[in-house]
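In what follows, chains carry the letters A, B, and so on, assigned in the order in which the sequence lines appear, proteins first and then strands, with residues in each chain numbered from 1.
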Number of protein chains: 2
Amino acid sequence: MATEVKQSPRERLLEAAATLTYRDGVGIGVEALCKAAGVSKRSLYQLFESKDDLLAASLEQRASAFVVTLLPAANDGRSPRERILHVFEQVELQAGAPEFRGCQYLAVQIELKDQSHPASQVAHRVKGNLTAFFRSEAEQGGASDPDLLARQLSLVFDGASARAGIGADNLTGLIAPTVATLLDAADMP
Amino acid sequence: MATEVKQSPRERLLEAAATLTYRDGVGIGVEALCKAAGVSKRSLYQLFESKDDLLAASLEQRASAFVVTLLPAANDGRSPRERILHVFEQVELQAGAPEFRGCQYLAVQIELKDQSHPASQVAHRVKGNLTAFFRSEAEQGGASDPDLLARQLSLVFDGASARAGIGADNLTGLIAPTVATLLDAADMP
DNA sequence: ACCTTCGTAAACCGATCGGTTTTCTTTTCG
DNA sequence: CGAAAAGAAAACCGATCGGTTTACGAAGGT
């Protein structure tokens with residue numbers, strides 16, 4: 001039983017917004033968004049309050065895909081250390097793709113420069129969730145300072161995806177040893 | 001003897017471009033730039049080819065201030081380890097300022113999303129210079145893998161300033177132990 | 001004093017911005 | 001089938017974009 005093959009205008013708009021905003025930035029015009037989604041501007045403004053609202057909603061929807069792609073399954077048999085390393089393996093994997101441009105949640109916040117923008121707040125929450133995941137695993141794994149380790153891992157996550165996104169580093173042979181060093185220093189087996 | 005107290009239109013434009021672009025993003029209009037600089041659009045386009053050219057030139061000029069602020073003096077008596085730590089102390093210091101928005105060179109590259117843009121290329125070079133500084137100090141300090149260490153430190157630099165810039169972390173108690181851990185792991189005394 | 005140079009202010013250009021409205025076609029459902 | 005709702009296409013709105021041009025005032029050197 002397949003899920004609907006046909007996407008609703010709403011779904012097409014959300015997908016187009018996520019894709020084009022990621023590629024071209026939040027400055028992308030609504031005209032281009034509508035064209036890519038095959039949806040009229042009229043429909044857009046019936047479904048969403050504004051372009052900002054659409055952007056926030058598209059980030060919100062992508063959040064689930066974001067965690068599904070990066071995070072390990074809820075209770076696989078692996079150790080917290082392995083589960084943390086899994087996240088960074090995924091990052092390195094994604095960074096290999098030619099269209100990779102870094103973490104979209106970080107990019108949106110940097111581009112908007114307005115913490116009160118609805119899309120910025122969604123991005124802030126998503127990033128907070130990732131840090132919370134790291135902290136939870138750190139506690140589970142008996143890290144000496146779970147909070148510090150979670151912040152360090154988040155820092156590496158953002159630094160790595162940002163530098164890969166701007167072409168400053170290709171990450172090969174970089175993330176794994178860095179994360180391992182931090183985990184070791186936190187006495188996390 | 002003081003340098004000219006009066007700034008030329010060129011200098012005022014470069015400063016306004018750096019300041020306003022950092023605060024509002026590269027999407028800032030030329031009208032606003034001219035107004036802030038107290039310079040007419042006519043003069044702008046006599047002094048610079050285009051807005052993109054002005055942006056690139058302003059980043060170029062700020063590059064020297066960037067290194068002067070962050071990097072230690074050429075041959076102070078300190079050890080490479082201390083000289084590296086000095087950079088991160090400066091970052092943590094800057095991040096405390098309320099108007100801090102992260103590294104402007106990273107922000108410009110993320111906002112432009114175009115590696116061939118003249119301003120992106122300036123930013124790329126500046127970032128490369130910082131990595132080169134780290135590598136040079138790492139070699140001087142006898143790090144086991146100077147190239148790896150330099151990439152790790154650049155990653156921490158960008159991750160830290162980005163996360164501080166978007167308000168995801170205030171960096172207190174984070175950078176120093178992280179950098180120390182990486183230096184230790186590289187056997188750099 | 002004169003003329004040239006430099007620079008500001010402001011009008012102007014076509015294009016595009018986010019957003020609204022009108023018109024016409026397609027779909028849906030009783 | 002026929003009415004009603006949905007949606008696409010496109011004209012339209014005022015504002016603003018990057019960039020050009022015109023017109024006029026304030027210097028500067030001789």
Inset, instruction - Please work out if A:Arg12 contacts a base, only the sugar-phosphate, or nothing of the nucleic acid, heavy-atom cut-off 4.0 Å. - result: sugar-phosphate
Inset, instruction - Give one of base, sugar-phosphate or nothing for A:Ser43, where a contact means two heavy atoms less than 4.0 Å apart. - result: sugar-phosphate
Inset, instruction - Fit a plane to each ring of A:Phe157 and A:Phe66, take the angle between them on a 0 to 90° scale, and name the class: parallel (under 30°), tilted (30 to 60°) or perpendicular (over 60°). - result: perpendicular
Legend entry - Side-chain donor-acceptor pair present, A:Asp52, A:Ser50, cut-off under 3.5 Å: no
Inset, instruction - Could you verify whether a donor N or O on one side chain and an acceptor N or O on the other, from A:Gln121 and A:Arg125, lie under 3.5 Å apart? - result: no
Quick one: [X] [atom1] to [N] [atom2], roughly how many Å, whole number?
| X | N | atom1 | atom2 | result |
| --- | --- | --- | --- | --- |
| B:Leu47 | C:dT5 | CG | P | 17 Å |
| B:Asp24 | D:dC17 | CG | C1' | 15 Å |
| A:Arg10 | D:dA6 | CZ | C1' | 16 Å |
| A:Leu20 | C:dC17 | CG | P | 12 Å |

With a 3.5 Å cut-off and sequence neighbours excluded, list the donor-acceptor pairs that the side chains of residues 180-189 of chain B form with protein atoms.
{"unit_1": "B:Thr181", "atom_1": "OG1", "unit_2": "B:Pro177", "atom_2": "O", "d": "2.8"}
{"unit_1": "B:Asp184", "atom_1": "OD1", "unit_2": "B:Arg81", "atom_2": "NH1", "d": "3.0"}
{"unit_1": "B:Asp184", "atom_1": "OD1", "unit_2": "B:Arg81", "atom_2": "NH2", "d": "3.0"}

Inset, instruction - Give me the one residue out of A:Val30, A:Thr21, A:Leu13 that meets side chain to side chain contact (heavy atoms under 4.5 Å, CB included) with A:Leu54. - result: A:Leu13
Inset, instruction - Spell out, as yes or no, whether a donor-acceptor pair under 3.5 Å connects the side chain of A:Tyr105 to the backbone of A:Leu59. - result: yes
Atom pairs, N/O to N/O, protein against nucleotides 18-22 of chain D, distance under 3.5 Å?
{"unit_1": "D:dG18", "atom_1": "OP1", "unit_2": "B:Ile28", "atom_2": "O", "d": "3.3"}
{"unit_1": "D:dG18", "atom_1": "OP1", "unit_2": "B:Lys51", "atom_2": "NZ", "d": "2.5"}
{"unit_1": "D:dG18", "atom_1": "OP2", "unit_2": "B:Val30", "atom_2": "N", "d": "2.8"}
{"unit_1": "D:dG19", "atom_1": "OP2", "unit_2": "B:Tyr45", "atom_2": "OH", "d": "2.8"}
{"unit_1": "D:dG19", "atom_1": "OP2", "unit_2": "B:Lys51", "atom_2": "N", "d": "2.9"}
{"unit_1": "D:dG19", "atom_1": "O5'", "unit_2": "B:Tyr45", "atom_2": "OH", "d": "3.4"}
{"unit_1": "D:dG19", "atom_1": "N7", "unit_2": "B:Lys41", "atom_2": "NZ", "d": "2.8"}
{"unit_1": "D:dG19", "atom_1": "O6", "unit_2": "B:Lys41", "atom_2": "NZ", "d": "2.1"}
{"unit_1": "D:dT22", "atom_1": "O4", "unit_2": "B:Arg42", "atom_2": "NE", "d": "3.0"}

